Structures are given as structure tokens and as C-alpha cells.
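Just below is one structure, and these are the notes that go with it.
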Amino acid sequence: MTAATKPILTQLSITTLCRVTAALEVVDLVKRYGDRTAVDGLSLSVRAGSVTALLGPNGAGKTTTVEVCEGFREPDGGTVRVLGGTPAQARARIGVMPQGGGGYPGLKARELLTLFSRFYAHPHDPGSLLTLLGLDEVADTSYRRLSGGQQQRLSLAMAVIGRPELVFLDEPTAGLDPQARRATWDLVERLRADGVSVLLTTHLMDEAEHLADDVYVVDHGRVVAHGTVPELTSSTQAFVRFTGPAGLDVDDLLRSLGPDCVGKESPAATYLVEGPEGPQLLAGVTAWCATRGVLPENLQTRRTLEDVFLDLTGRELRP
């Protein structure tokens, strides 16, 4: 984010009228496409004024769930309450950022955002949002000539221009450079600070770790884990991961650490060791490496959300 955008970020004020405890409540949602069940009894809740991440591999049911919540698809079972009513009743009070744009190709960025602002009674100033998201220099460029990242940022601006109470963000930073990604994170955090609720789908685990108050992991149409990031990543065992030369003697390492430790070498010469909780495991691993002239790199001493995600959904590629 450039220095020029920082003052605008602090000036951006979003008024929320939401008075419900849960901005979104999904209970036992079922959605089928012919013989295939895309969503199979899924339940989730988005607390008012919070950011909730919905994570899952391709085909897990995330997109279908979000489309039902947005009112674009009818459920085959279960209930969905959006801002205390049905998705159709809440449509004017939500913002939707689809993955893959959604703008009119021939309109300029400023024209497009101004057009969207006229759909709402109390919109944000389009110029302020363009500045906030670093789009000033391309404000008079047609949508079709914007880069993928610029189109993505403009889609985010269109999602929040109407001061929504609940925002659905689908892969909001896909294709963005680091500066634009951070500016997007800043905007999401500002939305939360102003009482706006956010349901975020992303394949970027660090993004979910950074932004989410609550996380739902879904697979095969069901919730397989739910909690805060600290709750999901907590462990009763100490955990050390590092990279080093391929082919280290893991059995010898484990013998040096004691009988209660387990470990393995993963692809790309990454080593994972687990054992009783406490600092002794890290000290033992680094001491073993030192005596063998090995410099452990990328040391990690806690589970990440990516570790949890892969443990729950598997490590094989999905189509």
C-alpha cells in the first residue's frame, strides 16, 4: 500500500445496521446436482462483525454453499438465515465479490464503480475506494484493459461500495502482488473494525491465519473442523519442522531424542519431528544437526493452518 492510500484507509467509515448476533446462520444445508450431493448437511455461523474463513479443497462444496447464502441457488434441505432473514430479503444489505471479475468490459474503472454506487442509497465515494485500492492511475482505463490483479481489486471495490453489512469474498487476493494483497487485507480488517461481517473463501492459508476470527474446513460437502486459528493449530505435542540435505538419518535422529518421539522426511527434504511438549525437542533436534554439520533451515515450532488443512483433507491433488 502506498503512502498516498494510508490516510484514506483511516477515513473510510462503513455504517452497519446489523443487530443480529449471527450475520449468517447455516443449519444442515443440503444441495444436490442430479445424483451428486455437493453439500451434505453443512452447518456454519458467521458472527456479526467478524471475519470467517471457509476453507476446503476443490470440489469440497465451498462455492455452492456461498452461492446458496448469496441467494443465487436454492437449497434442497436445511435452513439459511442472512442478517436475520432469507437470502432474498437480505440482498440489498450484502456485498458479493465473485472470483473472476464481473465488470462490463467497455466501461472505465471509474465509470463502473460509479454505476455500482448508484444502486445504493448511501454508497461510499467511488474516488476514495479507487485510491484506497491503488487504482487511481487506471481509473480511466476500460475494464477489459485492466490487468487481472486490477480487475480483482475493482471487484472488491464494487463489493463494498454500497456499505454492506455482510460481505462475501471469494479468493479476494488471487493474482495480486504483495502490495495490493496487503492493501486488500487492510480493507478487510477495516470492514471488521466497522462492524461488517465477512465470509472469506481462500486457498491461501496464511491469508486465513492473518484475517480470520473463525475457520471452517469443509470436505465432501461437510464441515470437518471448526474453530479459531489457535484452537485448530494447537497440539499436545511439541513440533519441529525444518529443511536440510536430503537423506538425513531420521532413525538416528529419533534415537537421540528418546522413545516418545516420531519423525519422517517429506518431499523437498523437509523433516518433521514430534515429541513431548516442551523446549527439549527443539534443543535436541538442533544439537543433533550441529554434531553432524547440518544447518537446519526454515525452522518451525508450531503447526500452521496449512498443516491442519492437509491433515484433514489429504495431500493428494484434487481435479
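Note that the structure is predicted; figures quoted are calculated from it, not measured. Numbering starts at 1 and runs along the sequence shown. As a basis for the values below, the full set of heavy atoms in this structure was taken, side chains included, without hydrogen atoms, waters or symmetry mates.
Note on Asp251 versus Arg255: no salt bridge recorded, every NZ/NE/NH1/NH2 to OD/OE distance being 4.0 Å or above. The residues Arg32 and Asp40 are annotated as not salt-bridged, no charged nitrogen and carboxylate oxygen being separated by less than 4.0 angstrom. Ion pairing of Asp307 with Arg302 is absent here, as no side-chain N (NZ or NE/NH1/NH2) approaches a carboxylate O to less than 4.0 Å.
Rounding to the nearest 0.5 angstrom, the gap separating the CZ atom in Arg241 from the CD atom in Gln300 is 4.5 Å. Going from atom CZ of Arg91 over to atom OG1 of Thr86 covers 8.5 Å, rounded to the nearest 0.5 Å. In this structure, Thr304 OG1 and Phe309 CZ are separated by 11.5 Å, a value rounded to the nearest 0.5 Å. Distance OG1/Thr243 to CG/Leu295: 9.0 Å, rounded to 0.5 Å. For the atom pair OG1 of Thr141 and CG of Leu154, the computed distance is 11.0 Å after rounding to the nearest 0.5 Å. Between the CG atom of Leu83 and the CD atom of Glu165 there is a distance of 5.0 Å, given to the nearest 0.5 Å.
For Glu111 (side chain) and Lys108 (main-chain N/O), a donor-acceptor pair under 3.5 Å exists by modelled atom type. Looking only at distances, no side-chain donor or acceptor of Gln150 sits under 3.5 Å from a matching main-chain atom of Val138. The backbone N or O of Gly175 lies less than 3.5 Å from no partner atom in the side chain of Gln152, so there is not a single donor-acceptor pair. Counting only distance, with no hydrogens or angles, the side chain of Tyr216 and the backbone of Ser45 share a donor-acceptor pair below 3.5 Å. In terms of modelled atom types and a separation under 3.5 Å, the side chain of Arg47 and the main chain of Ser50 share no donor-acceptor contact. For the pair Ser43 (side chain) and Asp28 (backbone), a donor-acceptor distance under 3.5 Å is present. A distance-only check finds no donor-acceptor pair linking the side chain of Glu207 to the backbone of Leu204 [under 3.5 Å].
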- Derivation of the side chain to side chain donor-acceptor pair (under 3.5 Å) call for Thr313 and Asp219: CA-CA 7 Å; Thr313 64; Asp219 199 13; 5.3 Å; no

- His210 and Glu189: side chain to side chain donor-acceptor pair (under 3.5 Å), yes or no, with the steps? CA-CA 10 Å; His210 183 88; Glu189 290 172 335; 3.0 Å; yes

- Task: For Asn298 and Phe242, run side chain to side chain contact (heavy atoms under 4.5 Å, CB included): C-alpha distance rounded to whole Å, both residues' side-chain angles, the deciding distance at 0.1 Å, then the answer.
- Result: CA-CA 5 Å; Asn298 304 314; Phe242 67 96; over 6 Å; no

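Looking only at atom types and distance, the side chain of Thr201 has a donor-acceptor partner in the side chain of Asp170 under 3.5 Å away. Arg144 and Tyr104 share no donor-acceptor pair across their side chains, judged by distance under 3.5 Å alone.
Both Phe119 and Val167 belong to a common hydrophobic cluster when Ile, Leu, Val, Met, Phe, Trp and Tyr are linked at side-chain heavy-atom distances under 4.5 angstrom. Under the 4.5 Å side-chain contact rule for hydrophobic residues, Val80 and Tyr33 do not share a cluster. Cluster annotation: Leu199 is not connected to Val27 through the hydrophobic network of ILVMFWY side chains, with a link wherever side-chain heavy atoms come within less than 4.5 Å.
Using a 4.5 Å heavy-atom cutoff, the side chains of Pro172 and Ser155 are not in contact. Residues Leu257 and Leu281 have side chains in contact (heavy-atom distance under 4.5 Å, counting atoms from C-beta outward). Between Val218 and Thr65 the shortest side-chain heavy-atom distance does not fall below 4.5 Å.
For Arg145, the CZ atom is loosely surrounded, since the number of other residues' heavy atoms within 6.0 Å does not exceed 12.
In this structure, Phe239 and Leu272 approach most closely via the heavy-atom pair CE1-CD1, 3.3 Å. What you find for Gly227 and Leu232 is that their closest heavy atoms are O-CD1, 3.9 Å. When all heavy atoms of His124 and Ser117 are compared, the closest pair comes out as O-CB, 4.5 Å.
Screening Val160, Leu166, Leu191, Val51 against Val196 for a side chain to side chain contact (heavy atoms under 4.5 Å, CB included) leaves a single residue, Leu191. Partner Glu67 forms a side-chain hydrogen bond (donor to acceptor under 3.5 Å, both in side chains) with one of Lys62, Arg73, Lys31 and no other, that one being Arg73.
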